Every structure is written in structure tokens, then in C-alpha cells.
Amino acid sequence: QVQLVESGGGVVQAGDSLRLSCQAPGRTFSTYAMGWFRQAPGKEREFVAAIRSRGQTFYGDSVKGRFTISRDNAKNTMYLQMNVLKPDDTADYSCAARLSDWVTKRPDDYAYWGQGTQVTVSS
């Protein structure tokens, strides 16, 4: 029962960059908001970034200025470019979507989720 599929995670050193991708195999979300969340072991899920259908973006305070969210609606794909990665960015990153073009920071407001991709940043 795949909803969304993330890719691009890996193990990198502090200061490196990664680009995560999120693809929706079963349906289009081109007219709806999508976002990225992350969760480290023992911690609650944290809002990372979100993007509306026309490209307006929102970021969590901890990643603002370092991460960039984007989307290609023709490919039904969303991206998260992560620059200047820090050890505190280590987490499982999940993409999410909702059947609304209104962005929120609450995980419960997003109905469709991927399985997650692990990002590990070493010092």
C-alpha cells in the first residue's frame, strides 16, 4: 500500500549536501500542498519544509537558509535540497501530502506518507 516513495538518503560528513526526492506512484498531488518531516530516535516528528501547488515555500527554523524545497508537478515529484548538513540533521526523513493546498506544520494534517529515507551526518 505505497503512498509516497522517498529516495536520496545516505551517510555524509558535516558540511556536505544531499538531495532527497519524493515521488507519488499512485496519484497526482500537483494541486495540493506537500512537505517534508523528520524524526530522530527518541524524538518527536519535526516539520522541515512544505510547498504549495504554486510554489510558495515554508521552512522550519532549524533548516531555514540551508534547505530548499521544490517540486516538479509534471513529474509528480517533490525535492528537498539539503546544504551545509549538520549532525543534528541526522534523522529519518519522510515526505507527506494532503488533499488541500493549505500548508500546516502539523503531521496529523497530512494524510499521505512515504516510508522514509535515512540521513546520517557524521562529525
Side-chain angles (χ1 to χ4, degrees):
Q1 193 174 353
V2 176
Q3 298 178 332
L4 304 171
V5 181
E6 304 95 340
S7 62
V11 180
V12 298
Q13 297 184 63
D16 285 353
S17 298
L18 281 174
R19 190 179 77 154
L20 306 183
S21 298
C22 171
Q23 212 276 140
R27 65 187 298 167
T28 179
F29 293 93
S30 61
T31 61
Y32 301 117
M34 301 182 71
W36 291 93
F37 294 80
R38 67 186 184 186
Q39 187 168 32
K43 298 183 179 179
E44 64 183 9
R45 195 181 300 273
E46 176 189 16
F47 172 79
V48 176
I51 183 167
R52 298 180 70 186
S53 64
R54 294 184 178 182
Q56 186 179 15
T57 58
F58 303 82
Y59 296 94
D61 290 341
S62 63
V63 307
K64 197 170 300 181
R66 298 187 298 121
F67 291 10
T68 302
I69 188 172
S70 62
R71 66 194 297 166
D72 185 340
N73 287 336
K75 297 181 179 180
N76 205 25
T77 303
M78 178 180 62
Y79 306 95
L80 183 68
Q81 179 66 46
M82 304 185 294
N83 297 328
V84 198
L85 283 162
K86 304 175 180 179
D88 286 348
D89 295 319
T90 296
D92 183 74
Y93 285 71
S94 298
C95 65
R98 61 192 310 238
L99 297 181
S100 170
D101 201 23
W102 201 290
V103 163
T104 83
K105 298 167 63 176
R106 298 179 69 253
D108 288 347
D109 291 335
Y110 295 77
Y112 297 88
W113 291 84
Q115 294 296 106
T117 185
Q118 180 66 39
V119 173
T120 301
V121 184
S122 64
S123 59

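Quick caveat: nothing in here was measured; it's all calculated off a predicted structure.
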In this structure, OH of Y59 is separated from CZ of F47 (nearest 0.5 Å) by 9.5 Å
Hey, what do you get for CG (L80) to OG1 (T117), rounding to the nearest 0.5 Å?
11.0 Å
Grouping I, L, V, M, F, W and Y whenever their side-chain heavy atoms are under 4.5 Å apart, do V48 and Y112 come out in a common cluster?
yes
Looking only at heavy atoms, the pair that brings S94 and D92 closest together is OG-OD2, 3.6 Å
Which atom of K43 lies closest to which atom of Q39, heavy atoms considered
O-NE2, 3.0 Å
Between CD on residue Q118 and OH on residue Y93, distance to nearest 0.5 Å:
9.0 Å
Which value, rounded to the nearest 0.5 Å, describes the distance between R71 atom CZ and C95 atom SG?
11.0 Å
Quick check for you: to the nearest 0.5 Å, what is the distance between Q3 atom CD and Y110 atom OH?
15.0 Å
How are the rings of W113 and F37 set to each other: parallel, tilted or perpendicular (split at 30° and 60°)?
tilted
Heavy-atom nearest pair, R66 first then D89, reads NH1-OD2, 2.7 Å
Would you call D72 and Y79 a side-chain contact if the rule is heavy atoms closer than 4.5 Å?
yes
What about L85 and L20, same hydrophobic cluster or not, with Ile/Leu/Val/Met/Phe/Trp/Tyr joined at side-chain heavy-atom distances under 4.5 Å?
yes
Could you tell me the separation between the CD1 atom of I69 and the CE atom of M34, rounded to the nearest 0.5 Å?
8.0 Å
Nearest heavy-atom neighbours spanning C22 and L4
SG-CB, 4.0 Å
Should V103 and Q56 count as side-chain neighbours, where that means a heavy-atom distance under 4.5 Å?
no
Donor-acceptor pair, distance only, cut-off 3.5 Å: does the side chain of N73 make one with the backbone of T31?
no
For K64, does the NZ atom sit with more than 12 other heavy atoms under 6.0 Å from it, leaving out its own atoms?
yes
Heavy-atom nearest pair, S123 first then A14, reads CA-CB, 4.5 Å
Using atom types as modelled and distance alone, determine if a side-chain donor or acceptor of E6 lies under 3.5 Å from a backbone N or O of G116.
yes
Would you call D101 and R54 a salt bridge, taking side-chain N to carboxylate O under 4.0 Å as the test?
no
Taking it one step at a time, do V12 and M82 satisfy side chain to side chain contact (heavy atoms under 4.5 Å, CB included)?
CA-CA 11 Å; V12 298; M82 304 185 294; over 6 Å; no
Begin from the C-alpha positions of R98 and T104 and carry the test side chain to side chain contact (heavy atoms under 4.5 Å, CB included) through to its verdict.
CA-CA 10 Å; R98 61 192 310 238; T104 83; 3.8 Å; yes
V11: which of V121, T90, T120 passes side chain to side chain contact (heavy atoms under 4.5 Å, CB included):
T120
Would you say T77's side chain and K75's backbone share a donor-acceptor pair under 3.5 angstrom?
yes
Under a 4.5 Å cut-off applied to non-hydrogen side-chain atoms, are M78 and F29 in contact?
no
Within a strict 4.5 Å, meaning less than it, do heavy atoms of the Q115 and V5 side chains meet?
no
